[in-house]
Amino acid sequence: MSSVDTLNIIQGDVKKRIDRWLARYPVDQKQSAVIPSLRIVQEVNGGHLTKEIMDQVAQYLEMTPISVYEVATFYSNFEHQPVGRHKICLCTNISCMLRGSDELLDYLKTKLDVDVGQVTEDGKFSIKKVECLGACVNAPMMQIDKTFYENLTEQRLDEILDSLE
Ligand code: FES
């Protein structure tokens, strides 16, 4: 998002949203809001975090920067490189693998002409391999943005990607 001031991201609506989370915790426990705060600034920054943004979160929550980096690099839903407008998270864990996720991943990479971790030329999609998302019963599956898509086939993948703006 080009309109985001990444040197001062915690202001206006972003600040209000983080403050709503902070209000849930004791004033001396601001670090409790680190995950939702990172989620908010990542979303506002177009889907990924930078060191300067994490540093601002650390300062705002009165944490050491390293403590914020530890959280932001531990959870796989935080990104440290640019992502597409739609982040395709394809599960390649055991149940999905046994039901063809490796072949679907190859299909996806060829179809979009990008590798895992890359963004398509039009900025629309990026691909990420993820561990089990708990929908094994309908493997293979993927998550795009906030939606789970299950029982995937190549045809179903085509339909889903075509349906996204
Ligand atoms: S192994 Fe893919 S959802 Fe569980």
Side-chain angles (χ1 to χ4, degrees), residues 1 4 9 14 17-18 20-22 24-25 29 31-51 53-54 57-58 61 63 65-165:
M1 278 186 179
V4 175
I9 202 164
V14 173
R17 290 171 67 190
I18 292 176
R20 275 202 291 275
W21 280 98
L22 280 173
R24 299 177 181 205
Y25 305 108
Q29 297 292 320
Q31 73 272 19
S32 302
V34 66
I35 289 177
S37 300
L38 287 170
R39 224 175 39 226
I40 291 164
V41 292
Q42 173 170 275
E43 176 202 310
V44 172
N45 191 46
H48 78 285
L49 297 168
T50 62
K51 181 179 176 297
I53 287 174
M54 290 187 287
V57 170
L61 300 184
M63 298 171 66
I66 188 70
S67 303
V68 174
Y69 306 158
E70 282 170 355
V71 174
T73 55
F74 179 80
Y75 293 102
S76 64
N77 49 347
F78 293 121
E79 304 294 337
H80 301 274
Q81 298 294 329
V83 295
R85 276 201 312 288
H86 302 291
K87 184 171 68 173
I88 302 170
C89 296
L90 183 71
C91 175
T92 53
N93 214 307
I94 187 70
S95 301
C96 289
M97 188 192 75
L98 292 172
R99 302 265 298 159
S101 63
D102 286 350
E103 292 74 16
L104 281 176
L105 180 61
D106 287 341
Y107 179 76
L108 203 51
K109 291 196 297 192
T110 303
K111 178 182 171 68
L112 298 178
D113 196 24
V114 288
D115 212 331
V116 171
Q118 296 179 336
V119 182
T120 54
E121 217 170 279
D122 59 4
K124 189 170 177 184
F125 294 112
S126 55
I127 307 174
K128 180 172 187 172
K129 280 168 60 171
V130 296
E131 299 300 325
C132 180
L133 291 176
C136 321
V137 69
N138 290 321
M141 65 80 65
M142 65 180 172
Q143 179 178 5
I144 302 181
D145 308 325
K146 292 179 179 168
T147 305
F148 275 20
Y149 299 93
E150 303 173 358
N151 295 309
L152 293 176
T153 60
E154 291 180 1
Q155 187 192 343
R156 181 96 181 95
L157 258 181
D158 288 341
E159 291 166 1
I160 293 163
L161 298 193
D162 287 347
S163 73
L164 297 170
E165 290 302 314

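Note that ligands are numbered from 1 as they come in the structure, with each ligand's atoms numbered from 1 the same way. On a predicted model such as this, the values are computed, not experimentally measured, just so you know.
Atom numbering of ligand 1 starts at 1 in the shown order; those under 4.0 Å from a heavy atom of Gly134 are 3 (S). For ligand 1, the atoms lying closer than 4.0 Å to a non-hydrogen atom of Ser95 are 1 (S). Of all atoms in ligand 1, numbered sequentially from 1 with element shown, those under 4.0 Å from a heavy atom of Leu133 are 3 (S).
Not one N or O on the side chain of Ser67 forms a donor-acceptor pair closer than 3.5 Å with the backbone of Met63. For Gln42 (side chain) and Glu79 (main-chain N/O), a donor-acceptor pair under 3.5 Å exists by modelled atom type. A donor-acceptor contact shorter than 3.5 Å links the side chain of Ser126 to the backbone of Gly84. Although no hydrogens or angles enter the test, the distance criterion places a donor-acceptor pair under 3.5 Å between the side chain of Gln118 and the main chain of Asp115.
Not a single N, O or S atom of Cys91, from either the backbone or the side chain, sits less than 2.8 Å from atom 4 (Fe) of ligand 1. Taking backbone and side chain together, Cys136 holds an N, O or S atom under 2.8 Å from atom 4 (Fe) of ligand 1.
Heavy-atom contacts from other residues, nucleotides or ligands closer than 6.0 Å to NZ of Lys129 number 12 or fewer.
Taking a 4.0 Å cut-off on heavy atoms, Ala135 registers as neighbouring ligand 1.
Inter-residue side-chain proximity for Asp113 and Thr120 is flagged as unmet; no heavy-atom pair is nearer than 4.5 Å.
Of all the heavy atoms of Met141, the ones lying under 4.0 Å from any atom of ligand 1 belong exclusively to the side chain.
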